[in-house]
Amino acid sequence: LTCDGKLIQGDKKMSKMNPLVLIEEIYNEHYAYLRNFLIGLTKSDVIADDIIQDFFTKILVSPSVVTEVKYMRSWLITGVKNTLLDYYKKKKPELLHDENIIETLLVDNYTPEVSATINNELETILGKLTTSEKAIIIAKEYYGYDYNEISDLLNIPVSTIKSIVFRMRKRMIKVR
């Protein structure tokens with residue numbers, strides 16, 4: 001492995017190395033980075049540790065896969081992100097039974113002043129858009145339609161809708 005997480009394929013030493021020893025080295029080298037990455041996403045040390053453990057358990061089932069990885073850090077990040085998504089998919093039913101979590105999700109955390117400011121900014125931004133742009137952004141961001149559904153509804157090509165949404169998001173970021 002190089003310092004930027006790349007696995008050198010031409011290195012005979014690496015290809016002859018026992019995959020389990022290689023996994024241990026990868027774990028030791030990248031653990032802190034992966035943990036910090038996951039804590040940033042989950043805000044939980046416990047969940048981050050669980051995800052890393054689950055991910056490396058999956059690797060241990062098929063250890064030879066690590067010898068084929070070309071860019072180690074990107075592969076690890078993708079793997080822990082997918083493991084995190086799986087974790088949340090499994091936890092979803094449990095979350096619905098926890099009344100405290102449901103209450104927390106239902107409570108509006110914004111103060112009246114913050115809500116008023118956000119609403120004013122949104123009204124200003126939406127006021128500058130054309131009718132079709134408003135329809136697209138509301139369908140996409142508020143109602144959650146995907147690009148194909150919006151394309152079918154408004155009879156506009158998907159590529160055009162993607163461009164409009166991208167430009168509107170960029171414009172909204174500039175305003176904020």
Side-chain angles (χ1 to χ4, degrees), residues 4-7 30 33-44 47-48 50-52 54-55 57-59 61-62 65-66 68-176:
D4 63 350
K6 294 180 185 174
L7 180 65
H30 296 281
Y33 177 79
L34 293 173
R35 189 169 193 272
N36 289 333
F37 173 77
L38 287 167
I39 289 172
L41 293 176
T42 64
K43 310 295 185 236
S44 168
I47 293 174
D50 286 348
I51 299 305
I52 292 171
D54 288 349
F55 177 67
T57 302
K58 289 177 189 176
I59 295 173
V61 171
S62 171
V65 74
V66 295
E68 300 168 13
V69 175
K70 193 170 184 177
Y71 299 100
M72 187 56 68
R73 187 167 278 184
S74 343
W75 182 76
L76 291 169
I77 291 295
T78 302
V80 294
K81 277 197 283 189
N82 290 338
T83 305
L84 179 63
L85 291 173
D86 291 344
Y87 172 84
Y88 280 129
K89 286 176 188 173
K90 289 176 189 170
K91 292 290 181 188
K92 189 175 180 182
E94 290 178 23
L95 292 176
L96 297 176
H97 297 296
D98 188 348
E99 292 176 24
N100 293 333
I101 290 178
I102 292 172
E103 269 183 45
T104 304
L105 293 173
L106 294 176
V107 172
D108 186 7
N109 292 325
Y110 295 118
T111 64
E113 295 83 12
V114 171
S115 294
T117 304
I118 291 171
N119 287 338
N120 287 337
E121 287 177 6
L122 285 174
E123 285 177 21
T124 302
I125 292 167
L126 289 174
K128 295 177 182 178
L129 301 177
T130 67
T131 306
S132 63
E133 288 176 332
K134 282 182 199 174
I136 291 169
I137 199 70
I138 290 172
K140 179 74 178 135
E141 301 300 333
Y142 185 75
Y143 291 108
Y145 287 102
D146 66 24
Y147 293 114
N148 291 326
E149 292 170 326
I150 297 170
S151 173
D152 292 341
L153 286 171
L154 300 176
N155 204 19
I156 299 173
V158 173
S159 59
T160 304
I161 291 172
K162 287 181 179 180
S163 296
I164 290 170
V165 169
F166 175 77
R167 283 192 305 260
M168 285 187 291
R169 286 180 179 160
K170 193 173 175 182
R171 196 179 328 161
M172 288 179 188
I173 289 169
K174 283 182 182 178
V175 171
R176 287 204 100 206

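Along the sequence shown, residues carry numbers from 1. Bear in mind that the values here come from a model prediction, so they are computed numbers and not experimental data.
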Contact summary for S151 and V158, nearest pair of heavy atoms: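 Here S151 and V158 meet closest at CB-CG2, 3.6 Å.
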Set of ring-ring contact (aromatic ring centres under 6.0 Å, His included) partners for F55, sequence neighbours left out: W75
Let me confirm one number: the [atom1]-[atom2] distance from [X] to [Y], rounded to the nearest 0.5 Å.
| X | Y | atom1 | atom2 | result |
| --- | --- | --- | --- | --- |
| K140 | I164 | NZ | CD1 | 13.5 Å |
| Y33 | L38 | OH | CG | 10.5 Å |
| L76 | I52 | CG | CD1 | 10.0 Å |
| T42 | I51 | OG1 | CD1 | 7.5 Å |
| D54 | L84 | CG | CG | 10.5 Å |
| Y145 | L154 | OH | CG | 10.0 Å |

K58/N82 under side chain to side chain contact (heavy atoms under 4.5 Å, CB included): CA gap, chis, key distance, verdict: CA-CA 12 Å; K58 289 177 189 176; N82 290 338; over 6 Å; no
E149 side chain vs D146 backbone, donor-acceptor pair below 3.5 Å: yes
Backbone N/O of G79 and side chain of T83: donor-acceptor pair under 3.5 Å: yes
K162 atom NZ: more than 12 heavy-atom contacts under 6.0 Å: no
4.5 Å side-chain heavy-atom contact, I156 and I150: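 The answer is no; the side chains never approach within 4.5 Å.
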Non-hydrogen side-chain atoms of I39 and I47 separated by less than 4.5 Å: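 Not touching, per the 4.5 Å side-chain cut-off.
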